Amino acid sequence: MKHVVQRYWSTRIPDLAYSCPGFGDIVHSCLLTYLYGRAHGQSATLHIASHQNNRDKTQIWAEVLRLFPDNTVSVQAHDTRSGGYTDQSFLDLVQQQHPDAVLHYYEKYPGRLQKVVQPSYFVDAYMSNYARLPGQPTPEKLDLPEKFATCQVDASSKKRHLVPEQLGRIQEKFQELGCEIVTVGGQARDPRLRTATYAGHAMSRAQYHIGVDSGYMHMAQMYFEPNNIYLYTNRPETDWEHHLKMARDHGCKINDY
């Protein structure tokens, strides 16, 4: 069993505890833990703090974990409500039970406040080998087209939204490829496809994924070869988040019309 420790503090915003605030942060954290364990031929556990497991996050962690094969990745929450923790002291807390636990960081696109604490590893090389999971069965059968692409472009951040011209060009491109488009996420017509369980199943059956920098982009990395993921943005490259830059480096197509 491998043990990965979530960073306690943000590497991008001063004096902010990193709380895994969004769906995408949770998907990404589970995925990097799974890939780290798989690379070593073992299952892996991600260790998180109280503020990374508050409000409705316990339910979200559980929903995301069900997307992975059984007994490959898990999450263990630790009680840090007393506060005052640093990355080092949170690592020390986890190592009391699991001496081989390690932190994780980004090598090529580090946060501007990133200070590497050892023992740790860089996730970059592990994330380049996409998971290509087979997909899990769903409680109810989905009626899916024979050839289709999943699509999610309703990112929570407005700065990641696309303009109508882009959406039209995307639709034309995939029509030419003979693909129907199945929307997942908040704009899905079928409410089941607004859940990770059914959206993940649809992705596992699709030929391509169309998206923006969002939680569903991270989900796509669980199921597709990188060159079958098409990501779009109307922002200059200098304003891209590090996850979009990593996706590009791994072979995902950016603004390919």
Side-chain angles (χ1 to χ4, degrees), residues 12 21-28 31 64 67 106 108-109 111 124 127-128 130-133 135 142-257:
R12 298 178 180 276
F23 173 70
D25 299 289
I26 290 176
V27 173
H28 175 71
L31 178 57
V64 171
L67 301 174
Y106 299 89
K108 187 173 182 180
Y109 304 112
D124 304 47
M127 292 298 298
S128 66
Y130 282 19
R132 298 182 293 279
L133 299 181
L142 284 173
D143 185 17
L144 296 168
E146 182 176 348
K147 183 177 182 181
F148 69 99
T150 51
C151 178
Q152 187 266 338
V153 294
D154 60 323
S156 57
S157 172
K158 290 184 178 180
K159 64 185 180 181
R160 298 177 184 176
H161 289 183
L162 305 179
V163 299
E165 180 186 358
Q166 288 175 296
L167 296 172
R169 293 174 66 191
I170 291 168
Q171 187 173 20
E172 289 175 3
K173 177 182 179 62
F174 284 88
Q175 284 177 342
E176 291 174 358
L177 292 175
C179 268
E180 294 188 45
I181 293 178
V182 173
T183 301
V184 296
Q187 295 178 331
R189 292 181 179 179
D190 185 335
R192 295 175 299 178
L193 290 171
R194 300 170 197 161
T195 69
T197 298
Y198 284 92
H201 179 80
M203 286 183 174
S204 72
R205 301 294 187 268
Q207 281 71 38
Y208 308 103
H209 177 72
I210 304 160
V212 293
D213 185 352
S214 71
Y216 285 82
M217 175 188 78
H218 295 291
M219 277 189 67
Q221 294 171 3
M222 296 168 57
Y223 300 107
F224 294 89
E225 296 278 357
N227 62 0
N228 289 330
I229 298 175
Y230 289 75
L231 303 172
Y232 296 89
T233 179
N234 56 24
R235 304 173 69 200
E237 185 176 344
T238 52
D239 293 340
W240 291 4
E241 300 287 350
H242 70 295
H243 288 303
L244 187 58
K245 292 178 180 177
M246 288 177 66
R248 181 226 21 225
D249 293 351
H250 297 156
C252 295
K253 295 182 168 118
I254 312 293
N255 288 346
D256 185 325
Y257 299 102

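We're numbering straight along the sequence, starting at 1. Not measured: the values here are computed from a predicted model.
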Do you see a donor-acceptor pair shorter than 3.5 Å between the side chains of Y257 and Q166?
yes

Once you round to the nearest 0.5 Å, how far does CD of Q221 lie from OG of S128?
11.0 Å

Any chance you could lay out the side chain to side chain donor-acceptor pair (under 3.5 Å) test for D190 and Y198, step after step, and finish with the verdict?
CA-CA 10 Å; D190 185 335; Y198 284 92; over 6 Å; no

Using only atom types and a distance under 3.5 Å, with no angle test, would you say the side chain of R235 pairs donor to acceptor with the backbone of W240?
no

If you round to the nearest 0.5 Å, how far is NZ of K173 from CD1 of I181?
11.5 Å

Which heavy-atom pair separates F224 from A206 by the least distance, and what is that distance?
CE2-O, 3.6 Å

Please step through side chain to side chain contact (heavy atoms under 4.5 Å, CB included) for the pair M219 and L67, ending with a clear verdict.
CA-CA 9 Å; M219 277 189 67; L67 301 174; 4.0 Å; yes

NZ (K245) and OG1 (T238) are apart, to the nearest 0.5 Å, by 7.5 Å

From the list V153, D256, I210, I254, side-chain contact (heavy atoms from CB on, under 4.5 Å) partner of L231 resolves to I254

For the pair K147 (side chain) and L177 (backbone), establish whether a donor and an acceptor sit closer than 3.5 Å, ignoring hydrogens and angles.
yes

Over all heavy atoms of both residues, which pair between A149 and F174 is shortest? Give the atoms and the distance, please.
CB-CD2, 4.2 Å

Could you tell me whether the side chain of M127 reaches within less than 4.5 Å of the side chain of L31, counting heavy atoms only?
yes

When rounded to the nearest 0.5 angstrom, what is the spacing between CG in D124 and CE in M246?
5.0 Å

Which atom pair, heavy atoms only, marks the closest approach of P226 to Y130?
CG-CD2, 3.7 Å

Excluding sequence neighbours, so at least two apart, what forms side-chain hydrogen bond (donor to acceptor under 3.5 Å, both in side chains) with N227?
none

Using every non-hydrogen atom in the two residues, find where K159 and N234 come nearest and quote the distance to one decimal.
O-OD1, 4.0 Å

Using the side-chain hydrogen bond (donor to acceptor under 3.5 Å, both in side chains) rule, collect all pairs that involve residues 207-218, keeping only residues at least two apart or in two chains.
T150-H209, Q152-S214

Atom pair OG/CZ of S204 and R132 - distance to nearest 0.5 Å
14.5 Å

Rounded to the nearest 0.5 Å, what's the gap from OG1 on T233 to CD on E241? Could you check?
10.0 Å

Quick one: side-chain hydrogen bond (donor to acceptor under 3.5 Å, both in side chains) partners of H28, sequence neighbours excluded?
Y106

How about F148 and R205: do any of their side-chain heavy atoms sit closer than 4.5 Å?
yes

Between L193 and A202, which heavy-atom pair has the shortest distance, and what is it?
CD2-CB, 4.0 Å

